[in-house]
Protein chains: 2
Amino acid sequence: MATKPGTIMNTIDRFLTSELAGEIEFLTARTRSLGSARANKLLAPLGLKVRSYSVLSLACSGMAPTQRELAEFLSLDPSQIVPLVDALEGDGLVERTADPNDRRSKVITGTKAGEQLYRKARKATAEGEAVAMASLNQSEQETLRDLLSRIAFRD
Amino acid sequence: MATKPGTIMNTIDRFLTSELAGEIEFLTARTRSLGSARANKLLAPLGLKVRSYSVLSLACSGMAPTQRELAEFLSLDPSQIVPLVDALEGDGLVERTADPNDRRSKVITGTKAGEQLYRKARKATAEGEAVAMASLNQSEQETLRDLLSRIAFRD
DNA sequence: ACTTAATCGTTGACTTTATCAAGAGTTTAA
DNA sequence: TTAAACTCTTGATAAAGTCAACGATTAAGT
């Protein structure tokens, strides 16, 4: 592991052995920063960002999420959901309907056009995911998904 | 996997089987959101946030990072580094010194006080990490660290 | 040597995202 | 039936992200 003298080392390699580079907090932050930048580029042609895509995805899931549920699941403030749904609704991609069981809540559901766009968008994010995980084999990808979901959902 | 009728299901469990919940992009976003919120709380008593902590960590690494290197490694714009270093420097935790090899660059190094605070802060983030990964055994934690660093650094 | 181009830190303008309090309408509990 | 709690919404404010431009410095080209 000796460094060849005179070799130019790029920034990433240079700090790969830093204490920070071993912290999960930092690794997830960097991963998500690179990942969302890439995803945003892939989604831009469809008029979406990762945020609006996430809302659209849940709206088209058939699970009839309320805005509050969207906020909680996406780790956002309820007030941040409002303009997101406004934009999607303005484009005719989702609909707000009062929950019959509790008229305080509004259920967000994807329209026909919303579902069509979502299928395209899903392909885009799947492509981004493939690029991100290119250095992992199939089994490792499954493992990563499992471990991450266990720490993302268990607290 | 049947849902007991009448059972109240919390939001997270309700959407656990959504397509979105299986996406790495979403899992890392949620993980880092929860993680940085927790880390910020633990760092607050020390007058730090995850951002300033990350800069302090690299400054105290002995690797003599320049501001540009900090920006690249932390996935930030160079202009975002300026106020971060300003604040740390104002608190006497780091120093800016012109790189003798290239006087355009400024090398950021931790002061004595900076290193002392960093050791405390490192304990705090380690505690946060332990909480975050409580549902994973030691071997799984090592695996997660390895897989994440491979996708965080190889592109 | 000398001009041109490129790089680094910095500033400033601007947009986006985050945080928080308060209000109108609805439901739940006392 | 009143009081408390909950949901969506609005608005104010702070924080973070994006981008172009500038002075100082270095590298490249001729």
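Per chain, numbering begins at 1; letters A, B, ... match sequence-line order. Being a predicted model, the structure only gives us computed values, none of them experimental.
- Using a 4.0 Å cut-off on heavy atoms, the residues of residues 60-75 of chain A that approach DNA chain D are A/Thr66, A/Gln67, A/Arg68, listed by number.
- Residue A/Ile81 is classed as having no contact, given no heavy-atom separation below 4.0 Å to the nucleic acid.
- A 4.5 Å side-chain heavy-atom check between B/Asp13 and A/Phe153 finds every atom pair outside the cut-off.
- In this structure, A/Asn40 contributes its side chain and A/Val50 its backbone to a donor-acceptor pair below 3.5 Å.
- A/Glu129 places a side-chain N or O within donor-acceptor distance of the main-chain N or O of B/Ile24, the cut-off being under 3.5 Å.
- Salt-bridge check for B/Arg38 with A/Glu25: failed, with every basic side-chain N at 4.0 Å or more from each acidic carboxylate O.
- Proximity of residues 90-108 of chain B to DNA chain C (heavy atom under 4.0 angstrom from any strand atom) is restricted to B/Arg96, B/Arg104, B/Ser105, B/Lys106.
- Between B/Glu19 and A/Tyr118, the side chains place a donor N or O and an acceptor N or O closer than 3.5 Å (distance only, hydrogens not considered).
- For C/dT17, neither phosphate oxygen OP1 nor OP2 lies less than 4.0 angstrom from any side-chain nitrogen or oxygen of A/Gln80.
- A/Arg68 contributes no side-chain N or O that, together with a main-chain N or O of A/Ser105, makes up a donor-acceptor pair within less than 3.5 Å.
- The two atoms that bring B/Gly92 and B/Thr111 nearest to each other are O-OG1, 2.6 Å, heavy atoms only.
- Taken over five-pair windows at either terminus, the axes of the helix from C/dA1-D/dT30 to C/dA30-D/dT1 are inclined to one another by 30° (rounded to 10 degrees).
- Of the residues in residues 42-58 of chain B, not one comes within less than 4.0 Å of DNA chain C through any heavy atom.
- Here the side chain of A/Asp91 pairs no donor or acceptor atom with the backbone of A/Leu93 at under 3.5 angstrom.
- Ring pair A/Phe73/B/Phe26: centre-to-centre distance below 6.0 Å.
- Taking every nucleotide of DNA chain D with any atom under 4.0 Å from a non-hydrogen atom of chain B, the first and last of them, 5' to 3', are D/dA16 to D/dT26.
- Between A/Leu20 and B/Ser61 the shortest side-chain heavy-atom distance does not fall below 4.5 Å.
- One atom, CG of B/Asp77, and another, C1' of C/dT15, lie 14 Å apart when rounded to the nearest Å.
- Side-chain atoms of A/Glu140 come within 3.5 Å of backbone N or O of A/Asn137 as a donor-acceptor pair.
- Tracing side-chain contacts under 4.5 Å through hydrophobic residues (I, L, V, M, F, W, Y), one never reaches A/Val85 starting from A/Val82; they form parts of separate clusters.
- Two residues are said to be in side-chain contact when any heavy atoms from C-beta on lie closer than 4.5 Å; B/Arg51 and B/Leu76 meet this criterion.
- Residues passing the side-chain hydrogen bond (donor to acceptor under 3.5 Å, both in side chains) test with A/Gln141, sequence neighbours excluded: none.
- When atom types are taken as modelled, the side chain of B/Arg30 and the backbone of A/Ala152 share a donor-acceptor pair closer than 3.5 angstrom.
- Taking atom CG on A/Leu76 and atom P on C/dA18, their separation rounds to 6 Å, with Å as the unit.
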